[in-house]
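Shown next, in structure tokens, is the structure this report addresses.
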Amino acid sequence: MFWVRDKANQKSFIKEDEIFKLLEETKSPSRSKVRDIIQKSLSKERLDPGEVATLLNVEDDETLEEIFEGARTLKKNIYGNRIVLFAPLYIGNKCINDCEYCGFRSSNREIFRNTLSFEQLEKEVKALEDKGHKRLILVYGEHPDYNADFIAKTVETVYKTKNKNGEIRRVNINAAPQTIDDYKKIKEMGIGTFQIFQETYYYQTYKKVHPKGPKSSYIWRLYGLDRAIAAGIDDVGIGALFGLYDYKFEVMGLIYHTIHFEERFGFGPHTISFPRMEPALNTPLSEQPPYLVNDNEFKKIVAILRLAVPYTGLILTAREPSHIRNEILKLGVSQIDAGSNIGIGAYSTEDQEAYKKSQFTLGDQRSLDAVINELAIEGYLPSFCTACYRMGRTGEHFMEFAIPGFVKRFCTPNAILTLLEYVQDYAPENTRVSIEKRIKEELKDMDEGPIKDKLLERIDLVKAGKR
Ligand code: SAM
Ligand code: SF4
């Protein structure tokens, strides 16, 4: 048995032998078995590792189509048409790690190193607010300059930078794993989710692609979000970088990680991310990922994650081109970024050299408005809602899942109101037309009664300028 141990001599919850065994034992599953598993998921139960392995072993197109259909149904039944929108904001690309796939790796001499000053940060936030954004994820390399005090100060700066119509209402973080005391400093500033991606759950590959720096410790990273929860941060986001190792193993890793949280804390991760590796400047591994995931496999990964952990938010980023995003969205994604620019300082300066400060290349470069317009035309309900966070409720996606009627009572009306704010404050004519049409359709589908009456009242208030 292969185990890795942390300082307390605690076994890792990633059981490699068990994962390989399950993937072997469940090969060539019957269609009826797969159907039973899909049914279990549709009755809102988290799947067990053996069931997830069974779904991963489906290879024929017809049964795969049933998995996709199951994921689409689950999304529709539980989460409805809403898609939550956010933008990434890169704070600095200095890094002491040397992750072989990342443009920010310390040995990359072709990248311009840069950290936003607090003045530049304000400019970036204003530029994002001017476009209509309400939710950001702040992204940092790992460097002594980006310690917890610095991260906390950047969060504080974002919240206090307000524009005529705009304010950022929820700040999430993607940064290096911290100590419990450091997480506490960051939590105090009122963050939403803290994200850490394990990149690969396969220990040997992990060690190989993280040759130096703090990130070379698999265990420090694996238990990074346990420490966040111990510090009081309930919304944590996990993820794997697809392309480093076999996708089936990585999906199993994400499931084991989820079960570990459930067992230890009584709740699972708030979100799961599944980035595919993208080419990064002067970074050979990223040009040729050792376990390239094709588009069909990617669809399969997302659909299986949707079915496996029905209560968790799924995040799809603009690493993917728009045509892939449109297809994957239907399979159960709950959040996407839009109008993203990952060059440091690039939102406010239109810096022509920004790509030389970027971590990798973005596949979807549409503006926020273009994404909103297309989502509305496709029948989605783009949402800037941050009500759960502001009401002090953690686990917004879990609420949507677990509390009967929550989506109808809170999420859909709030999505409509935040979208209407966008129409009033930012949208050009063509988007205005498609959003108003979309809102009318949503209202038509709503049951008559006090919830709808209250919503109609509030719509009038937003139209009159109240926010
Ligand atoms: N430096 C911190 C860390 O590594 O956890 C946080 C920020 S890092 C810039 C955010 C994530 O970007 C990483 O966790 C990794 O999954 C992803 N990433 C790195 N290189 C990538 C690439 N070439 N393509 C796609 N995603 C990449
Ligand atoms: Fe640094 Fe994160 Fe990039 Fe690794 S993934 S080189 S830690 S920024």
Side-chain angles (χ1 to χ4, degrees), residues 88-111 113-115 136-148 150-151 154 172-178 186 193-201 205-218 220-222 224-225 227-228 236-245 250 253-254 271-293 298 315-321 324 337 340 342-344 355 357-364:
L89 173 50
Y90 277 65
I91 304 292
N93 64 4
K94 292 191 194 171
C95 197
I96 52 172
N97 294 315
D98 206 14
C99 312
E100 285 182 3
Y101 45 82
C102 177
F104 295 169
R105 72 205 150 79
S106 57
S107 59
N108 191 356
R109 302 274 170 248
E110 283 188 30
I111 200 116
R113 302 287 164 180
N114 194 11
T115 306
L136 299 184
I137 180 148
L138 307 188
V139 186
Y140 311 74
E142 180 160 4
H143 192 273
D145 286 0
Y146 312 148
N147 59 20
F150 174 80
I151 293 177
T154 53
N172 298 329
I173 301 286
N174 188 322
Q178 310 282 317
I186 298 169
T193 314
F194 201 106
Q195 285 185 352
I196 299 175
F197 305 157
Q198 187 62 22
E199 321 296 11
T200 172
Y201 286 93
T205 301
Y206 186 94
K207 291 304 273 185
K208 190 173 160 292
V209 298
H210 301 110
K212 68 176 233 226
K215 196 162 168 180
S216 60
S217 170
Y218 177 94
W220 175 250
R221 194 165 181 91
L222 192 65
L225 291 171
R227 295 191 299 280
V236 296
I238 62 173
L241 179 59
F242 283 88
L244 287 171
Y245 189 58
E250 304 296 15
L254 290 165
T271 53
I272 299 182
S273 302
F274 31 83
R276 274 198 290 189
M277 200 186 294
E278 293 296 327
L281 182 74
N282 187 33
T283 303
L285 185 84
S286 70
E287 304 276 351
Q288 278 182 322
Y291 286 81
L292 190 77
V293 167
F298 192 54
I315 301 182
L316 177 67
T317 69
R319 288 173 177 87
E320 298 296 334
I324 300 285
D337 56 335
S340 301
I342 59 174
I344 293 177
Y355 76 96
K357 298 170 198 155
S358 312
Q359 194 192 3
F360 49 81
T361 320
L362 281 185
D364 183 353

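Ligands are counted one by one from 1 in listed order, and the atoms in each one are counted from 1 as well.
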Atoms of ligand 1 less than 4.0 Å from [X] heavy atoms?
X      : result
Val139 : 7 (C), 9 (C)
Tyr140 : 1 (N), 2 (C), 6 (C), 7 (C)
Lys215 : 3 (C), 4 (O)
Arg276 : 25 (C)
Phe197 : 14 (O), 16 (O)

Can you name the nearest heavy-atom pair linking [X] to [Y], along with the distance?
X      : Y      : value
Ala240 : Pro275 : O-CD, 3.2 Å
Asp337 : Ser340 : OD2-OG, 2.8 Å
Asp98  : Ser106 : OD1-N, 3.4 Å
Gly243 : Met277 : C-CE, 4.0 Å

Under-4.0 Å heavy-atom contact with ligand 2, by part of His210 that carries it:
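Near ligand 2, His210 shows nothing, with every heavy atom at 4.0 Å or more.
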
Contact between Gln195 and ligand 1, counting heavy atoms under 4.0 Å?
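Contact check Gln195 vs ligand 1: negative.
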
So is Asn174 in contact with ligand 1, going by heavy-atom distances below 4.0 Å?
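Yes, that is the case, since the closest heavy atom of the residue is under 4.0 Å from the ligand.
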
Going by the order shown, which atoms of ligand 2 are within less than 4.0 Å of some heavy atom of [X]?
X      : answer
Lys215 : 2 (Fe), 4 (Fe), 5 (S), 7 (S)
Asn97  : 7 (S)
Arg105 : 6 (S)
Gly141 : 8 (S)

Hey, looking at atom 24 (N) of ligand 1, which of Glu100, Glu278, Gln198 has the closest heavy atom?
Glu278

Pick from Gly92, Cys99, Ala176: the one approaching atom 6 (S) of ligand 2 most closely through a non-hydrogen atom
Cys99

Less than 4.5 Å apart, any side-chain heavy atom of Thr115 and any of His143?
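No. Closest side-chain heavy atoms not under 4.5 Å.
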
Does Gln198 reach the main-chain N or O of Leu222 with its side chain, forming a donor-acceptor pair under 3.5 Å?
yes

Is there a donor-acceptor pair under 3.5 Å between the side chain of Asn108 and the backbone N or O of Gly103?
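Side chain of Asn108 to backbone of Gly103, a donor-acceptor pair under 3.5 Å: yes, one is there.
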
List for me each residue that meets salt bridge (charged side-chain N to carboxylate O under 4.0 Å, His left out) alongside Asp364, sequence neighbours excluded, and say none if there are none.
Arg325, Arg366

Restricting to salt bridge (charged side-chain N to carboxylate O under 4.0 Å, His left out), what partner residues turn up for Arg221, sequence neighbours left out?
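Salt bridge (charged side-chain N to carboxylate O under 4.0 Å, His left out) list for Arg221, sorted by chain: Glu199.
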
Flag Glu199 as yes when one of its N or O atoms lies below 3.5 Å from any N or O atom of ligand 1, and as no otherwise.
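Between Glu199 and ligand 1 (N or O atoms, distance only) the closest approach is under 3.5 Å.
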
Under 3.5 Å between some N or O of ligand 1 and some N or O of Arg319?
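Yes; the residue has a nitrogen or oxygen that sits under 3.5 Å from a nitrogen or oxygen of the ligand.
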
Please state whether the separation between atom 4 (Fe) of ligand 2 and some N/O/S atom of Cys95 is under 2.8 Å?
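No - counting backbone and side chain alike, Cys95 has no N, O or S atom under 2.8 Å.
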
Does Arg221 approach ligand 1 within less than 4.0 angstrom via side chain, backbone, both or neither, non-hydrogen atoms only?
side chain

Donor-acceptor side-chain pairing of Thr205 and Tyr291 below 3.5 angstrom
no

Whether the Glu250 and Thr200 side chains hold a donor-acceptor pair (N or O, under 3.5 Å, no angle test) is what I'd like checked.
yes

